[in-house]
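Contents: one structure, followed by commentary.
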There are 2 protein chains.
Amino acid sequence: MATEAPTRRRAIEDMASALFRERGYAATSVRDIARALDLQGASLYAHVTSKEDVLWAIVDRAASTFETAADRAAASSRDGDAASRLAALVRAHVAVIAADPELAGVFITEWRHLSPARRDAVLTRRDAYEERFRAIIVDGMAAGLFSPTDPAIAATFVLTALNGLAGWYRPGGRLTPDRIADHYAELAVRTVTEDHR
Amino acid sequence: MATEAPTRRRAIEDMASALFRERGYAATSVRDIARALDLQGASLYAHVTSKEDVLWAIVDRAASTFETAADRAAASSRDGDAASRLAALVRAHVAVIAADPELAGVFITEWRHLSPARRDAVLTRRDAYEERFRAIIVDGMAAGLFSPTDPAIAATFVLTALNGLAGWYRPGGRLTPDRIADHYAELAVRTVTEDHR
DNA sequence: CCTACCGATCGGTAGG
DNA sequence: CCTACCGATCGGTAGG
């Protein structure tokens, strides 16, 4: 029972995630969030210091979730070849989106509404994250496993395709998260491997 | 000289495209658009009937541009195999984005701010557009040229990767539109072709 | 295309 | 967590 504050705060973030993803940050008012939680608009400010603060909390947590999942995928696939390491990274990314599409979706599309300093911080983290993809692609090319490609272009191509999942994934859809991960991992690996027919 | 009205209207749409893409539709005010054109906020209404009307004009024109480009690509690659038809479609899509990233970017990300009726109309057209990709993939699979894949998943994967270009393309960047089209066409075709090593 | 103006809503604060 | 309230800004209209 001593943990009412963090729970309340989290409920606000979760509701905000859902609304930000559905309508966008700028089109969602503080009163929209409050109303969805049966609160008065001004009452939200007992728990948060500003609207942007809520967005930042969501984006920061989402970024950490992606990073942690990628760390685990990298550790558990460390001894595999580049193809299996790329597949593990893709699977981790898909799993994070499927586990909380609202959180991931806001991170992917709404970070531009942050203040310049925070936006820069997010861009730096996003670039470091994309670098994981580039590094595996470079490794795979060096090992002769992947065909020669512009690694930056290939990494961006794959990562934007993965992020697109946050735009269309709905729980209970035709495919389970695991099946989607199967498909996406295969498509991503093929993207960097030559057609040898 | 008799063509002042359409030119003026178009200048408003172009400025709105740039601002909507940079900050998003909801975060851009009618006065922002007017100010960028050295007009008073209310003066815009001599040329447009509402803010949403401007968004609709942009989205509708962008959709038509993509459709026309895809029609031409389909016509000129009609006699090729599925791989060359997919490559032609990808090249057309990339060219439309590179020719006007603001227009394409607003179409891709801001259509959800349209009224429900217009949003539905856009969704229908987007689905028909994506169906072009699915149809080629199905054809290629039937011909044994493409490896067995879920066509809907593969089409979405490729199309979201292509649309991601609108998020990062900047004129005068490291690669010309043509080189980007080369890379994207190859990556897209690989995505649906098996690795036979 | 401008001035003047409208009601509504915005994010946020004061004070309990 | 509420009531009451703040100045600023929103999309849009009237009337020239």
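Order of the sequence lines sets the chain letters (A, B, ...), proteins ahead of strands, with each chain counted from 1.
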Members of residues 18-30 of chain B that approach DNA chain D, where some heavy atom sits under 4.0 Å away: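 Thr28(B), Ser29(B), Val30(B), in order of number.
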Donor-acceptor under 3.5 Å (His113(B) side chain, Arg23(A) main chain):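 Yes; judged by distance alone, with no hydrogens or angles, the pair exists.
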Under 3.5 Å donor-acceptor, Arg119(B) side chain and Arg112(B) backbone: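 Yes.
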Ser84(B) side chain to Asp81(B) side chain, donor-acceptor N/O pair below 3.5 angstrom: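 Yes, because at least one side-chain N or O of Ser84(B) sits under 3.5 Å from a partner of the opposite role on Asp81(B).
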Measure [atom1]/[X] against [atom2]/[N] and give the value in whole Å, please.
X: Asp32(A); N: dG11(C); atom1: CG; atom2: C1'; result: 12 Å
X: His47(A); N: dG12(C); atom1: NE2; atom2: P; result: 16 Å
X: His113(B); N: dC10(D); atom1: NE2; atom2: P; result: 15 Å

Contacting residues from residues 33-46 of chain A, given that a heavy atom lies under 4.0 angstrom of DNA chain C: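 The stretch gives Ala42(A), Tyr45(A) as the residues lying under 4.0 Å from the strand, ordered by number.
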Nearest-nucleotide 5' precedence on DNA chain C, Arg31(B) against Ser50(A):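 Looking at the nearest nucleotide for each, Arg31(B) comes out on the 5' side.
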Watson-Crick and G-U pairing of DNA chain D written in dot-bracket, each distance under 3.5 angstrom, with | for inter-strand partners: ||||||||||||||||
Electrostatic pair [X]-[Y], nearest N-O below 4.0 angstrom:
X: Asp60(B); Y: Arg125(B); value: yes
X: Arg85(B); Y: Asp139(B); value: yes
X: Arg134(A); Y: Glu131(A); value: yes
X: Arg9(B); Y: Glu13(B); value: yes

Parallel, tilted or perpendicular: rings of Tyr129(A) and Phe66(A) (30°, 60°):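 The arrangement is perpendicular - the two ring planes meet at more than 60°.
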Single hit among Phe107(B), Trp56(B), Trp111(B), Tyr25(B) for ring-ring contact (aromatic ring centres under 6.0 Å, His included) with Phe20(B):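 The residue from Phe107(B), Trp56(B), Trp111(B), Tyr25(B) that satisfies ring-ring contact (aromatic ring centres under 6.0 Å, His included) with Phe20(B) turns out to be Tyr25(B).
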Student check: side-chain heavy atoms of Leu103(A) and Ile58(A) closer than 4.5 Å: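 They are in side-chain contact.
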